[in-house]
Amino acid sequence: SANQDVVKLLVADRTFSTLSNVAKFTFGAWAQHGLRLATTHADNASAYLQARCYKVLLCDPRDTTIPDLSSLRSAVAQEALQRLRPHEHFFLELPQAQRLVVAWEFVEVLLSVCDREDSPTRQGQKSARTPTIVGKGQRPEADSRESEEDTQRLVSSGSSGKERWLGKSRSSESNTSVDAKWLEENSEVVAACMHNQLSNLRYAMDIVGTKVNAAGMTLDDAIGGRGVEEALAALRCFTSNLQ
């Protein structure tokens with residue numbers, strides 16, 4: 001910074017914003033805390049923004065060494081938007097971002113539950129419920145009892161799920177919310193209800209998740225399969241790079 005006139009061209013090739021972000025998004029928060037305790041830090045974003053010369057910024061959204069969330073281009077994009085007036089750029093308020101992240105996680109769990117119920121292993125287990133043809137005068141008592149137990153269990157599960165959906169559950173179940181945990185606990189009911197809608201849901205998720213692209217980063221790459229805190233940070237990077 002003392003000799004800014006000397007540098008005429010700055011090329012930043014696939015580098016990071018801060019070393020702490022690289023540690024956080026590569027290994028986890030514990031690595032970030034470890035660097036802080038070791039007083040090890042590096043901040044490329046500030047130096048890049050302060051440079052007064054021609055600048056070229058190269059990036060690779062699928063870089064296996066520098067995660068895109070901790071890349072220099074994501075930090076520069078966020079800083080550039082912060083310098084604009086609120087009406088001059090698109091910005092998701094925290095409540096809106098949280099709702100989007102939670103909804104995305106919900107749909108991911110929903111599809112995972114349906115895939116698991118439709119898997120060959122599960123189908124093989126369910127095939128045990130099919131009727132068994134026996135000779136005249138014979139009664140498959142064991143199979144009949146198992147079938148009745150399975151039927152009763154399915155009916156009970158279905159009834160419970162239906163009551164929860166309609167908000168008619170008694171006692172403490174009246175306040176049960178349909179969240180990711182509920183989907184896991186009522187997987188058979190969920191799979192049965194969603195069977196005819198899965199293809200449309202997958203198609204919509206494919207369009208939104210893979211076709212909406214922020215300079216190489218898709219929405220699914222940004223928030224898919226992440227925890228809420230990390231997904232919120234990724235969403236900020238995504239919307240910044242999108243603009």
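Numbers here simply count residues along the sequence, with the first being 1. All values reported here derive from a predicted model rather than from experimental measurement.
In the hydrophobic clustering of this structure, L57 does not group with I66; members are Ile, Leu, Val, Met, Phe, Trp, Tyr whose side-chain heavy atoms approach within less than 4.5 Å, directly or through other members. Cluster membership for L94 and V101, using ILVMFWY side-chain heavy atoms within less than 4.5 angstrom, is shared. A continuous path of Ile, Leu, Val, Met, Phe, Trp and Tyr side chains, each step under 4.5 Å between heavy atoms, connects L219 with F25, placing both in one hydrophobic cluster. Neither L37 nor L35 shares a network with the other; the hydrophobic side chains, linked directly or stepwise wherever heavy atoms of I, L, V, M, F, W or Y lie under 4.5 Å apart, form separate groups for each. Under a hydrophobic clustering in which Ile, Leu, Val, Met, Phe, Trp and Tyr are joined whenever their side-chain heavy atoms come within less than 4.5 Å, directly or via other members, V102 and W182 fall into different clusters.
No side-chain heavy atom of L10 sits under 4.5 Å from any side-chain heavy atom of V56. R202 is listed as a side-chain neighbour of L111, based on a closest heavy-atom distance under 4.5 Å. Taking 4.5 Å as the limit, some side-chain heavy atom of M205 sits within range of a side-chain heavy atom of V107. Using a 4.5 Å cut-off on side-chain heavy atoms (C-beta onward), L201 and M194 make contact. A 4.5 Å side-chain heavy-atom check between M217 and R73 finds at least one atom pair inside the cut-off. A 4.5 Å side-chain heavy-atom check between K8 and C53 finds every atom pair outside the cut-off. With contacts defined as side-chain heavy-atom distances shorter than 4.5 Å, the pair W104/D220 qualifies. Residues V178 and N186 form no side-chain contact, since every pair of their non-hydrogen atoms from C-beta on lies 4.5 Å or further apart.
Considering NZ of K24 and CD of E230, their distance stands at 7.5 Å, rounded to 0.5 Å. Atom-to-atom distance recorded for F106:CZ and D179:CG is 7.5 Å, nearest 0.5 angstrom. Here the CG-CG distance, from L232 to L100, works out to 9.0 Å after rounding to the nearest 0.5 Å. Between C237 atom SG and D221 atom CG the span is 13.0 Å, to the nearest 0.5 Å. How far CG of L72 is from CG of N21: 11.0 Å, rounded to the nearest 0.5 Å. With values rounded to the nearest 0.5 angstrom, L58 atom CG is found 4.5 Å from D13 atom CG.
When all heavy atoms of S46 and D43 are compared, the closest pair comes out as OG-OD2, 2.8 Å. Smallest separation of non-hydrogen atoms from A222 and A234: O-CB, 2.9 Å. Nearest heavy atom pair, residue L183 against residue V190, reads CD2-CG2, 3.6 Å.
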Legend entry - L235 vs Q98, side chain to side chain contact (heavy atoms under 4.5 Å, CB included): CA-CA, chis, key distance, verdict: CA-CA 10 Å; L235 188 58; Q98 288 176 331; over 6 Å; no
Inset, instruction - Apply side chain to side chain contact (heavy atoms under 4.5 Å, CB included) to the pair N200 and Q197, showing each step before the final yes or no. - result: CA-CA 6 Å; N200 293 332; Q197 306 299 329; 3.9 Å; yes
Inset, instruction - Carefully, step by step, assess E184 and R116 under the rule salt bridge (Lys or Arg N to Asp or Glu O under 4.0 Å). - result: CA-CA 10 Å; E184 295 283 0; R116 190 166 61 248; 2.6 Å; yes
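Residues D68 and R62 are not paired through a salt bridge, judged by the lack of any N-O separation under 4.0 Å between the basic side chain and the carboxylate. Contact check on E108 versus R226 returns no salt bridge, with no Lys/Arg side-chain nitrogen under 4.0 Å from an Asp/Glu carboxylate oxygen.
Looking at T218 and N213, their side chains never bring a donor and an acceptor atom within 3.5 Å of each other.
Other residues, nucleotides and ligands contribute more than 12 heavy atoms inside 6.0 Å of the NZ atom of K55. Counted within 6.0 Å of CZ on R14, heavy atoms from surrounding residues, nucleotides or ligands total 12 or fewer; the atom is thus considered open.
A side chain to side chain contact (heavy atoms under 4.5 Å, CB included) with F238 is found for one member of L69, L92, I223, V212 and no other, namely V212.
Sorted by first and then second residue, the side-chain hydrogen bond (donor to acceptor under 3.5 Å, both in side chains) pairs involving residues 234-243 (not counting sequence neighbours) are S74-N241.
A donor-acceptor distance shorter than 3.5 angstrom exists from the side chain of S70 to the backbone of P67, with no hydrogens or angles considered.
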